[in-house]
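Working notes, structure below.
Please read these numbers as outputs of a predicted model, since none were measured by experiment. The first residue in the sequence is number 1, and the count goes up from there.
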Amino acid sequence: GGQGSRPQGLQIVGPANKIVNLVIHDTGQGIGFWEGAPDSEISGCLIYYNGNSQLDHGIYTQNVTGSKSLRDNIVFRNYGFGIHAYTTNSHVNNFHIEGNVSFDNGKLNASNPYKSNFLLGSGKGAASSCNSSPQVAQNPAFIDNLSYHPRGAGGREIDLGYSAGSCNPTATGNYLVGDTTL
């Protein structure tokens, strides 16, 4: 598994899983949390120094039915993004992302450091309404998360909806710290 020399940390492809209090580091993809795992959660995990390429993230996830919960995880210094709920041809529906700490993601990529700590959305173009595209993020919730990038880093703290947008989003209580230089 993985994009290069290090194998994947954990692949989750079955429904109703609870991944709790794991430490995952120095793997390819930290956790692959796919559409085949609805009604599942990842909580209390420490996920860091994962990735062989910019396509490897701390958590890479998609969801079409049911819901997915990512709670109280610490995700940092992965090669790609921290928590990457992303698709071009799939779905990113019903994510509850709460109480996570994510920082310095992308830092392992010396030539193009600092990626979004949290990204939820599709790489396809913007949709005209909530139901006109399966790639529109449905019902995402970002609650009480913490995100940090150092001065001069660039990158985004939270990217909610990305290119295609989101429908019925909730974002509350998040604390985002980034570069304040212009």
Side-chain angles (χ1 to χ4, degrees), residues 1-13 17-35 37 40-63 68-88 90 92 95-123 137 140 142-163 171 174-179:
Q3 302 293 326
S5 61
R6 298 190 289 183
Q8 296 238 341
L10 183 62
Q11 287 270 18
I12 305 164
V13 294
N17 286 283
K18 292 184 185 275
I19 309 305
V20 181
N21 296 339
L22 298 181
V23 176
I24 299 173
H25 63 92
D26 297 291
T27 69
Q29 190 88 264
I31 298 176
F33 195 31
W34 305 116
E35 272 193 5
S40 295
E41 74 176 63
I42 298 172
S43 63
C45 294
L46 179 61
I47 303 165
Y48 63 98
Y49 292 169
N50 298 294
N52 300 295
S53 78
Q54 64 185 7
L55 301 175
D56 289 328
H57 313 293
I59 299 172
Y60 196 165
T61 185
Q62 298 167 345
N63 193 57
K68 285 204 174 133
S69 175
L70 291 90
R71 293 179 184 262
D72 302 324
N73 299 291
I74 300 173
V75 183
F76 68 96
R77 286 216 172 170
N78 295 286
Y79 203 104
F81 294 76
I83 295 175
H84 192 63
Y86 176 82
T87 185
T88 54
S90 190
V92 284
F95 278 94
H96 187 92
I97 300 172
E98 181 175 359
N100 298 284
V101 176
S102 188
F103 60 94
D104 281 354
N105 287 290
K107 181 68 174 163
L108 293 182
N109 183 351
S111 64
N112 187 16
Y114 298 109
K115 304 292 184 202
S116 294
N117 287 315
F118 298 93
L119 183 140
L120 189 144
S122 172
F142 277 87
I143 301 167
D144 297 333
N145 297 290
L146 305 172
S147 179
Y148 169 78
H149 276 119
R151 181 172 288 244
R156 295 181 176 134
E157 301 306 325
I158 293 179
D159 198 337
L160 178 58
Y162 196 54
S163 293
N174 298 290
Y175 191 80
L176 316 175
V177 179
D179 191 353

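- Closest non-hydrogen pair, Y79 versus G51, comes out as CB-CA, 3.7 Å.
- With N174 contributing its side chain and F142 its backbone, the two residues share a donor-acceptor pair below 3.5 Å.
- Here the CG atom belonging to L108 is positioned 12.0 Å from the NZ atom belonging to K115, to the nearest 0.5 angstrom.
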As a quick check of understanding, evaluate side chain to side chain contact (heavy atoms under 4.5 Å, CB included) for Y60 and W34, giving each step before the final call.
CA-CA 8 Å; Y60 196 165; W34 305 116; 3.6 Å; yes

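- A donor-acceptor pair is defined here as one N or O able to donate and one able to accept, closer than 3.5 Å; such a pair exists between the side chain of S40 and the backbone of N17.
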Worked verdict on H96 versus R71 for side chain to side chain contact (heavy atoms under 4.5 Å, CB included)
CA-CA 8 Å; H96 187 92; R71 293 179 184 262; 3.5 Å; yes

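- With F118 as reference, I83 is the one residue of L176, I83, V75 to meet the side chain to side chain contact (heavy atoms under 4.5 Å, CB included) rule.
- Distance check: Q29 CD to H57 NE2 gives 5.5 Å after rounding to the nearest 0.5 Å.
- A side-chain donor-acceptor contact under 3.5 Å links N50 to the backbone of D26.
- Taking the six-membered ring for Trp and the full ring otherwise, H25 and Y48 have centroids separated by under 6.0 Å.
- For the pair G82 and S102, the tightest heavy-atom approach, listed with the atom from each and the gap, is CA-OG, 3.9 Å.
- In this structure, N105 and F81 have side chains that are not in contact, with every pair of non-hydrogen atoms separated by 4.5 Å or more.
- Side chain of S122 to backbone of T87: a donor-acceptor contact under 3.5 angstrom is found.
- The distance from atom CG of L10 to atom CG of L22, rounded to the nearest 0.5 Å, is 7.0 Å.
- Rounded to the nearest 0.5 Å, atoms CG (N52) and OG1 (T27) are 8.0 Å apart.
- With contacts defined as side-chain heavy-atom distances shorter than 4.5 Å, the pair I19/C45 qualifies.
- In this structure the side chain of D104 reaches within 4.5 angstrom of the side chain of Y148, judged on heavy atoms.
- Looking only at distances, no side-chain donor or acceptor of N117 sits under 3.5 Å from a matching main-chain atom of H149.
- Remark: I59 CD1 to N78 CG distance equals 9.0 Å, nearest 0.5 Å.
- Looking only at side-chain heavy atoms (C-beta outward), F76 and L46 come within less than 4.5 Å of each other.
- Side-chain contact between L70 and F33: present, with at least one pair of heavy atoms (C-beta onward) separated by less than 4.5 Å.
- Within a 6.0 Å radius of CD in E35, other residues, nucleotides and ligands contribute more than 12 heavy atoms.
- Residues that satisfy the side chain to side chain donor-acceptor pair (under 3.5 Å) test with N100, not counting sequence neighbours, are N73, N145.
- K68 and A37 make their closest contact through CE-O, 2.9 Å (heavy atoms, listed as atom of the first residue, atom of the second, distance).
- A distance of 13.5 Å separates OH in Y175 from CG in D144, rounded to the nearest 0.5 Å.
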